[in-house]
Protein chains: 2
Amino acid sequence: MTTAQLTKSFPGLERALYEELGKEGQLKEFREGEIILRKGQFIRSAVLLLEGTIKLYQEDEDGGEFFMYYIQPGEACAVSMICSHEQETSSVLATAATDSTVLLIPLSCMDQWMSHYKSWRQFVIQAYRSRYQELLNTISEIAFRNMDDRLEFYLRKQVKQFGKIIRFTHQEIANDLNSSREVISRLMKKMENNGWVILHRNSIEWIKDDFNAA
Amino acid sequence: MTTAQLTKSFPGLERALYEELGKEGQLKEFREGEIILRKGQFIRSAVLLLEGTIKLYQEDEDGGEFFMYYIQPGEACAVSMICSHEQETSSVLATAATDSTVLLIPLSCMDQWMSHYKSWRQFVIQAYRSRYQELLNTISEIAFRNMDDRLEFYLRKQVKQFGKIIRFTHQEIANDLNSSREVISRLMKKMENNGWVILHRNSIEWIKDDFNAA
DNA sequence: AGATCTGTGTAACTTAAGTCACGCAGGCCT
DNA sequence: AGGCCTGCGTGACTTAAGTTACACAGATCT
């Protein structure tokens, strides 16, 4: 891992920190669909995402999985940073939404770098901030909004992440929203009638392009 | 503010850090019901809670308030730490559930202390971790559980916080759970029939003492 | 081609939760 | 006492969402 490569994903860090990252970090690849972090798993290193997309879920005792947010290249998995500091286990599920490359940082480095590098402190704080914010958004959605709003919100997230062709089945969407296939089909049909989407087999095409309005 | 007093609420910090806390921190009192942090407000200092209880809400655009968790003495408001680092505004509402004393830390100290004091780094990380965890719990609850479970969970939180006499009206509980008074009254009646609570005017008595079982 | 599987559409029904309407009891004020 | 306000109880109804059941179309396999 060269400094140049790291700079692309994680701009603005101190020169010496890039070298540490390259020296201490361990590269690991995950294929689409693989589980990166399982609920209840111990974590021995912080996870920085170099390439790909990670999908974060909250898991229920009885099999439910609730999608919370995506992690982008250049971002870190806040849970991994949190857990790596004590002997606590992950309470979330992280999977590779696409083939992904991550950099694993031994937890022993975390505290050292915190004291040495201002940019690392900022990076960590920023990681927490944005993840915390995502959770707040998620709470807002499920506490205050109905299924139709939430579905729209969900679809917009996919479009932002992967483009206007959303390659999910209704069943997969239902799982992500902790709803049922029929409900999603119904709402989706309504959206199609409103001219927001075109429904295909195995995919949905987002055609509403006023990308801001409610 | 003497080191002795600070030690009581925040044990295990470095000696020099206590002095800094005493020197830089500014005491502020809030009376029960007062708003400590409003949604959209700028934050110029981190908030550490010395005495009392702070109640944290997620606020909706149209007036809804959704209770998320309590902050205890010795804990910090994670949002305030997050926000103080950039020009972002608070996205939550914090009120004093009881008369409270807080210590305000200028944001300029945050980064300095982060690099100098290991115990401060741990404190900050710990603050993030526990708050993040609270949000995850909250999400679990509203994503996977029905109102009756959520109400039970809510009441248990109150009992843990304030004891077996819960001094809330049904209306206030309904607001906290983003539900309606009638629904809460109904569920509460069911709980009374099951022998879990005794309902009084303006208060609820929790009498189920197997404090672990579902 | 025929058989099978997976994803989608839809009607009919159930259930949880929210809403409307009203009654009533206890506290408080005059 | 009489009047009034606030909090609670409850029945009747509406609505959102989950469930059951089935039909059908396109893809894949043989």
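Quick note on labels: first sequence line is chain A, next is B, and so on, each numbered from 1. Just so you know, these numbers use all the heavy atoms, side chains as well, and skip hydrogens, waters and symmetry mates.
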Margin query: Is there a side-chain contact between A/Ser179 and the phosphate of D/dA17, meaning an N or O under 4.0 Å from OP1 or OP2?
Written below: no
Next item on the list: Could you check B/Trp120 against B/Met110 for side chain to side chain contact (heavy atoms under 4.5 Å, CB included), going step by step and ending with a plain yes or no?
Entry: CA-CA 9 Å; B/Trp120 181 250; B/Met110 294 286 294; 3.7 Å; yes
Next item on the list: Record whether the side chain of A/Arg181 comes under 3.5 Å of the base of D/dG18 through a donor-acceptor pair of N or O atoms.
Entry: no
Check: Quick one: is B/His200 getting a side-chain N or O under 4.0 Å of the D/dG7 phosphate, OP1 or OP2?
Finding: no
Notebook entry, point to check: What distance do B/Met68 atom CE and B/Thr138 atom OG1 have between them, rounded to the nearest 0.5 Å?
Noted result: 7.0 Å
Margin query: In this structure, how many angstroms lie between the C1' atom of C/dT8 and the NZ atom of A/Lys189, rounded?
Written below: 8 Å
Next item on the list: Report the distance from atom CG of B/Leu151 to atom P of C/dA17, rounded to the nearest whole Å.
Entry: 11 Å
Next item on the list: For the side chain of A/Asn202, starting at C-beta, report the closest nucleotide among C/dA25, C/dA17, C/dG7.
Entry: C/dG7
Check: If each of A/Ser185 and B/Asp148 is mapped to the nucleotide of DNA chain C with the nearest heavy atom, which maps nearer the 5' terminus, i.e. the 5' end?
Finding: A/Ser185
Notebook entry, point to check: Within less than 4.0 Å of OP1 or OP2 of C/dG9, is there a side-chain N or O belonging to A/His170?
Noted result: yes
Next item on the list: State whether the distance check finds a donor on one side and an acceptor on the other, under 3.5 Å, for side chain B/Arg186 versus base D/dT10.
Entry: no
Margin query: Rounded to whole Å, how long is the line connecting atom CG of B/Leu187 with atom P of C/dA16?
Written below: 11 Å
Note to self: Considering every strand and a 4.0 Å limit on heavy-atom distances, what is the contact class for B/Ser180: base, sugar-phosphate, or nothing?
What the structure shows: base
Notebook entry, point to check: Where the side chain of A/Asn146 is defined as all heavy atoms beyond and including C-beta, which of D/dG18, C/dG9, D/dA17 is the nearest nucleotide?
Noted result: D/dA17
Note to self: Distance check needed: D/dT19 P versus A/Gln171 CD, whole Å only.
What the structure shows: 11 Å
Item checked: Length of the CG-P vector between A/Asp149 and D/dA16, whole Å -> 12 Å
Next item on the list: Please confirm whether B/Lys157 makes a cation-pi placement over B/Tyr70, using NZ or CZ under 6.0 Å from the six-membered ring centre and within 45° of the ring normal.
Entry: no
Check: B/Phe66 and side-chain contact (heavy atoms from CB on, under 4.5 Å): which partner among B/Asp176, B/Asp60, B/Ile142?
Finding: B/Ile142
Notebook entry, point to check: What is the distance from CD1 of B/Ile184 to P of C/dG18, rounded to the nearest Å?
Noted result: 8 Å
Item checked: Nearest heavy atoms of A/Glu192 and A/Leu199, plus distance in Å -> OE2-N, 3.0 Å
Notebook entry, point to check: To the nearest angstrom, how far is A/Asn175 atom CG from C/dG7 atom C1'?
Noted result: 14 Å
Next item on the list: Please state how far atom CZ in A/Arg167 lies from atom P in C/dT6, giving the value in whole angstrom units.
Entry: 21 Å
Note to self: The side chain of A/Glu182 is closest to which nucleotide in this list: C/dT10, D/dG7, C/dG9?
What the structure shows: C/dT10
